[in-house]
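Input: a single structure, listed below in C-alpha cells.
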Amino acid sequence: MHKTRNILFHIYMVAFLLYLLVPLLVMGGAAFNDSKLPTIVPWKGLTDRWFIDLWNDGRVWIAFRNTLFVALGVVALAVPIGTAGAILINSISGRWRATLYGLMVAPILIPGVVIGISTLLFWNHLSVGSGLHLSVLGQVSYIASFVMLLVLARLQSFDAGLEEAALDLGASHGQVMRRILLPHLYPAIGAGAAIAFFQSIENFNVTLFTRGGADTLTVYVFSKVRSGITPTINALALLLILFTLGAAIWYEIARRRKASIEAAREAEARRAEEAMA
C-alpha cells in the first residue's frame, strides 16, 4: 500500500510539473522559430529575428518603463499602508478588529474590473484625469491587502512582552517601533514588497481602465493580441521568465549563504561555551 502511494505521488508530481512546464517550453521554443505565427509546429528553422524585432520596438520599452514606474509607486504606497493596517488590527480586539479586518480584506474579493471603473469614476468626480497615477492608486487599493495579510501573519509570532519591557526601560514608542517591532517585521515587509511589485506588473484590469493613453506591458500584449500577435511576444515572455528565474536563483543562493554563515557562527559560539566550561 505504501509503495503504491509513493508511485501515485510521483506520477502526480511528474504530471503536475509537465502541466506547468510544457506550455512554457512551447512558448519559449516559438521565440526561436522562423515563423510568423507563435508556434513550434511546423518548425521552419532557428532564428533570432524576434528578439531583434523586440529590441527595435520602441513601444515595448516605453511600456516597460511605465510598468516599472507603476510597480515602484505601488510598492512605495502599498507597503506602508498594509504594514500600518496590520499593526493597527493587531493592536485592537473585539468587534472593531473583525470589522477593520473585513474592510482591509474586502478589496481582494472585488473583481479588478470593478476596482478599475470605480477608481476612474471616483477620481474623475474630483477632477483628476486618468493616467499612470490613477493606475498606481487603483492597484494600491487592493494590493495593500496582500501586504497587510503577510505582516499580520508575522505579527502573530511577535512577543508583546518585548515592547512592554522596552517601554519600562525608558524607550519611546518610536524607538520601540524602529528597534524592536520593525526588525521583526522586515521579512514579511520584504515579502510584501516583492508580492506588491509582481502583482502590479501582471495587473491588467485596473490598469486598462485607469491608464489614460499610456501603455504598460500587459496593455501592450493585449493590443498585440487584438492587432495580430507575432513571436515577439514569445521573446518578451521568455526574457521575463529568465529574469524571474535568475532572481529566484540569486535569492536562494543568498539565503543559503546567509543560513550557512549563521550556522557557522552558532557552532563557533557553542564551541566557545564548551571550551569555557
Side-chain angles (χ1 to χ4, degrees), residues 23 27 38 54 57-86 99-151 191-241 243-244:
M27 181 275 302
L54 178 66
D57 189 348
R59 184 184 171 191
V60 71
W61 296 113
I62 295 175
F64 181 72
R65 181 197 64 192
N66 292 339
T67 300
L68 289 181
F69 168 77
V70 172
L72 293 175
V74 169
V75 170
L77 293 178
V79 170
I81 292 174
T83 302
T99 302
L100 183 59
Y101 179 83
L103 291 175
M104 287 292 294
V105 173
I108 299 178
L109 308 177
I110 300 176
V113 173
V114 175
I115 294 178
I117 295 175
S118 301
T119 301
L120 181 64
L121 294 178
F122 175 78
W123 288 104
N124 281 347
H125 183 71
L126 298 178
S127 301
V128 178
S130 59
L132 294 179
H133 54 287
L134 280 195
S135 297
V136 172
L137 295 176
Q139 292 179 27
V140 167
S141 64
Y142 80 93
I143 292 178
S145 301
F146 291 104
V147 180
M148 183 271 294
L149 291 174
L150 287 171
V151 176
I195 288 178
F197 183 81
F198 288 109
Q199 280 280 338
S200 175
I201 286 180
E202 64 88 26
N203 181 268
F204 173 72
N205 290 327
V206 175
T207 305
L208 181 65
F209 287 98
T210 58
R211 66 186 175 92
D215 271 340
T216 63
L217 281 179
T218 52
V219 175
Y220 168 81
V221 172
F222 175 71
S223 66
K224 284 290 185 180
V225 172
R226 292 184 61 188
S227 61
I229 191 170
T230 65
T232 55
I233 299 301
N234 298 74
L236 174 62
L238 181 61
L239 292 176
L240 291 175
I241 290 173
F243 171 78
T244 304

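Taking the side chain as every heavy atom from C-beta outward, Asn203 and Tyr142 approach each other to under 4.5 Å. Side-chain contact between Asn205 and Ile115: absent, with no pair of heavy atoms (C-beta onward) separated by less than 4.5 Å. Residues Ile233 and Met27 are not in side-chain contact: their nearest non-hydrogen atoms beyond the backbone lie 4.5 Å or more apart. The side-chain heavy atoms of Leu120 and Leu134, taken from C-beta on, include a pair separated by under 4.5 Å.
Between Leu137 atom CG and Leu132 atom CG the span is 11.0 Å, to the nearest 0.5 Å. Here CG of Leu150 is found 9.5 Å from OG1 of Thr83. Values are rounded to the nearest 0.5 Å.
Sorted by first and then second residue, the ring-ring contact (aromatic ring centres under 6.0 Å, His included) pairs involving residues 202-233 (not counting sequence neighbours) are Phe204-Phe222. Residues in residues 111-136 take part in these side-chain hydrogen bond (donor to acceptor under 3.5 Å, both in side chains) pairs, two or more places apart or across chains: Ser135-Thr210.
Across every non-hydrogen atom of Pro38 and Asn234, the tightest pair is CB-OD1, 3.1 Å. Contact between Pro107 and Ser141 at its shortest, heavy atoms only, is CB-O, 3.2 Å.
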* Given the rule in the side chain to side chain contact (heavy atoms under 4.5 Å, CB included) test, do Tyr101 and Leu149 qualify, once you have shown the distances and angles that lead to the verdict? -> CA-CA 9 Å; Tyr101 179 83; Leu149 291 174; 3.5 Å; yes

* To do: Kindly determine whether Val147 and Ile81 satisfy side chain to side chain contact (heavy atoms under 4.5 Å, CB included), including the steps that lead there.
  => CA-CA 8 Å; Val147 180; Ile81 292 174; over 6 Å; no

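Distance alone, capped at 3.5 Å, places no donor-acceptor pair between the Ser200 side chain and the Ala196 backbone. A donor-acceptor pair under 3.5 Å is absent between the side-chain atoms of Thr232 and the main chain of Leu54, judged by distance alone.
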For residues 66-80, which side-chain donor-acceptor pairs fall under 3.5 Å, sequence neighbours excluded?
| unit_1 | atom_1 | unit_2 | atom_2 | d |
| --- | --- | --- | --- | --- |
| Asn66 | ND2 | Ile62 | O | 3.3 |
| Asn66 | ND2 | Asp215 | O | 2.8 |
| Thr67 | OG1 | Ala63 | O | 2.7 |
| Thr67 | OG1 | Leu217 | N | 2.9 |

